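All remarks here apply to the structure that follows.
Sequence positions, counted from 1, serve as the residue numbers for this chain. Please read these numbers as outputs of a predicted model, since none were measured by experiment.
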Amino acid sequence: MKDVSHSLLRMLEILSTQPKTIKELSQILELSPRQISRNIMRLEDRGYCVDKNMQNRYFIFGAENIRNRVFNEEEQELISKMLAIYAPFHPVYSAIKLKLKSATMDIPFAYQTKDLLKSKNYEVINYALKNRLRIKLRNYVSPFNPDMPEERLLEPLEFVEQHCQLIAYEVASRKEKVFKIDRMGKVELTNEATAGRAVKNTLIDPFGFSSTKQKIVKLRLSLLAKVLLEEDFPTAKPYLILKGEVWYFHGPYCSFLGIGRFILGLPGEVTVVYGPELKVFLTEQKKNFTF
């Protein structure tokens, strides 16, 4: 007599892959139809849902979804909600959300391919970080320096800002720099080992700009400015202070550009309480406004 546990395991594997009749199972497992029926009962006793289709073929209900890692609509909706709450800015968020959609599209939209490229770039960088390998960064977009080289050789050091930015050592300039994942064209892995450097002195402000030094500023915010600051710059939240009924931002900044863009984009909603150098910058920027 064949070992019962072995025959049960084999039957479980078969019924999880493709529906079979009792006769087919009997031939495959070299057991009698009665033994097959008993094994079906044993599987049910162990908590498996053994179902039968219109052709009298038995199968393990739900096995295909588990084997292929397929989520049903309710599971997809829950995962999407959890990702939106806890990881909306993660580089792979959009790619996961796209894969969760049940409807298939033969021709993807351009923004979807961009999201998938961002996810792939993140995976390559993550692999390079774990294995201490250099990467090639192609076609990085910088609005402040449009004449940047098309290809850069980098040693990735650390993800920051909720994995939305990468601190890396640029080999050509011999400098530690910060790169936004959103602006990367394509990232390629090399077989060159890194020098094992660690992040030295790069600081990143809540507005996404980096420097080796930071300055402190205090801003008085309207309710609208406070809400928009939280939404657009989540890492600014620890620096928000409520005094009486007035909200203040009291925190660091690395560049006039990031914080200046925020203030100038909300005329009349933000007042600089402290920050003499920032005030000078904003005054000069006002002269460039044309309508």
Side-chain angles (χ1 to χ4, degrees), residues 1-133 159 163 186-189 191:
M1 178 182 292
K2 287 185 176 288
D3 181 70
V4 174
S5 60
H6 176 73
S7 64
L8 272 179
L9 182 59
R10 283 285 293 121
M11 183 182 292
L12 180 59
E13 291 175 343
I14 293 168
L15 296 182
S16 296
T17 306
Q18 188 176 5
K20 297 290 183 183
T21 63
I22 288 182
K23 182 178 180 180
E24 289 170 336
L25 289 170
S26 180
Q27 292 173 345
I28 295 171
L29 299 173
E30 299 179 355
L31 296 173
S32 69
R34 180 175 293 182
Q35 289 174 312
I36 294 297
S37 297
R38 288 175 180 170
N39 277 353
I40 289 175
M41 294 177 63
R42 290 190 179 104
L43 287 175
E44 290 178 332
D45 289 340
R46 284 163 172 75
Y48 291 100
C49 182
V50 184
D51 210 341
K52 185 169 61 173
N53 62 21
M54 299 294 290
Q55 290 77 39
N56 287 322
R57 284 185 163 82
Y58 290 85
F59 62 95
I60 303 296
F61 181 81
E64 182 179 355
N65 284 357
I66 295 172
R67 189 179 67 253
N68 296 330
R69 305 296 193 270
V70 177
F71 298 105
N72 61 35
E73 290 185 8
E74 289 78 11
E75 291 168 337
Q76 291 184 38
E77 184 179 356
L78 175 61
I79 294 171
S80 294
K81 288 180 179 178
M82 297 299 286
L83 286 171
I85 294 172
Y86 295 107
F89 303 106
H90 197 285
V92 303
Y93 167 69
S94 297
I96 293 175
K97 192 173 180 181
L98 177 62
K99 292 174 184 176
L100 286 172
K101 293 181 180 179
S102 57
T104 59
M105 290 180 290
D106 296 328
I107 302 176
F109 295 111
Y111 77 88
Q112 292 170 335
T113 59
K114 181 176 174 62
D115 288 337
L116 292 175
L117 176 62
K118 182 169 68 173
S119 177
K120 179 64 177 177
N121 286 342
Y122 175 81
E123 291 176 9
V124 172
I125 297 169
N126 205 30
Y127 182 88
L129 280 168
K130 291 179 181 178
N131 294 276
R132 296 188 176 184
L133 294 172
F159 282 118
H163 292 246
K186 186 178 182 182
V187 178
E188 296 177 358
L189 195 66
N191 56 6

Item to complete: With rounding to the nearest 0.5 Å, note down the distance linking NZ in Lys20 to CZ in Phe59.
Response: 14.5 Å
Discussion item. Quick check: closest heavy atoms across Glu188 and Val124, and the distance to 0.1 Å?
Written reply: C-CG1, 4.2 Å
Discussion item. Quick one, Ile40 with Met11, criterion side chain to side chain contact (heavy atoms under 4.5 Å, CB included). Give me CA distance, side-chain angles, the key distance, then yes/no.
Written reply: CA-CA 8 Å; Ile40 289 175; Met11 183 182 292; 4.1 Å; yes
Worksheet item: Got a sec, which residues hit salt bridge (Lys or Arg N to Asp or Glu O under 4.0 Å) with Glu24, two or more places apart in sequence or on another chain?
Response: Arg57
Worksheet entry | Straight-line distance of Glu13 CD to Ile60 CD1, nearest 0.5 Å | 11.5 Å
Worksheet, complete the sentence: Paired with Pro19, the side-chain contact (heavy atoms from CB on, under 4.5 Å) test is passed by just one of Asn56, Asn53, Ile14, namely Asn53
Worksheet item: Nearest 0.5 Å, what's the CD-CZ distance between Gln35 and Arg42?
Response: 8.5 Å
Worksheet item: So how far is it from His90 NE2 to Lys118 NZ, rounded to the nearest 0.5 Å?
Response: 10.5 Å
Worksheet item: Is Asn126 reaching over with its side chain to a backbone N or O of Tyr122, donor-acceptor style, under 3.5 angstrom?
Response: no
Discussion item. Once ring-ring contact (aromatic ring centres under 6.0 Å, His included) is applied, do any residues pair with Tyr58, and if so which ones, sequence neighbours excluded?
Written reply: none
Discussion item. Under a 3.5 Å distance rule, please check whether Ser26 uses its side chain to pair with a backbone N or O of Ile22 as donor and acceptor.
Written reply: no
Worksheet item: Residues in salt bridge (Lys or Arg N to Asp or Glu O under 4.0 Å) with Arg132, at least two apart?
Response: none
Item to complete: Find the distance between CG (Asn39) and CG (Leu12) and round it off to the nearest 0.5 Å.
Response: 11.0 Å
Discussion item. Distance check, rounded to the nearest 0.5 Å: Ile125 atom CD1 versus Leu133 atom CG?
Written reply: 13.0 Å
Discussion item. Side chain to side chain contact (heavy atoms under 4.5 Å, CB included) for Leu43 and Leu8? Distances and angles first, verdict last.
Written reply: CA-CA 7 Å; Leu43 287 175; Leu8 272 179; 3.8 Å; yes
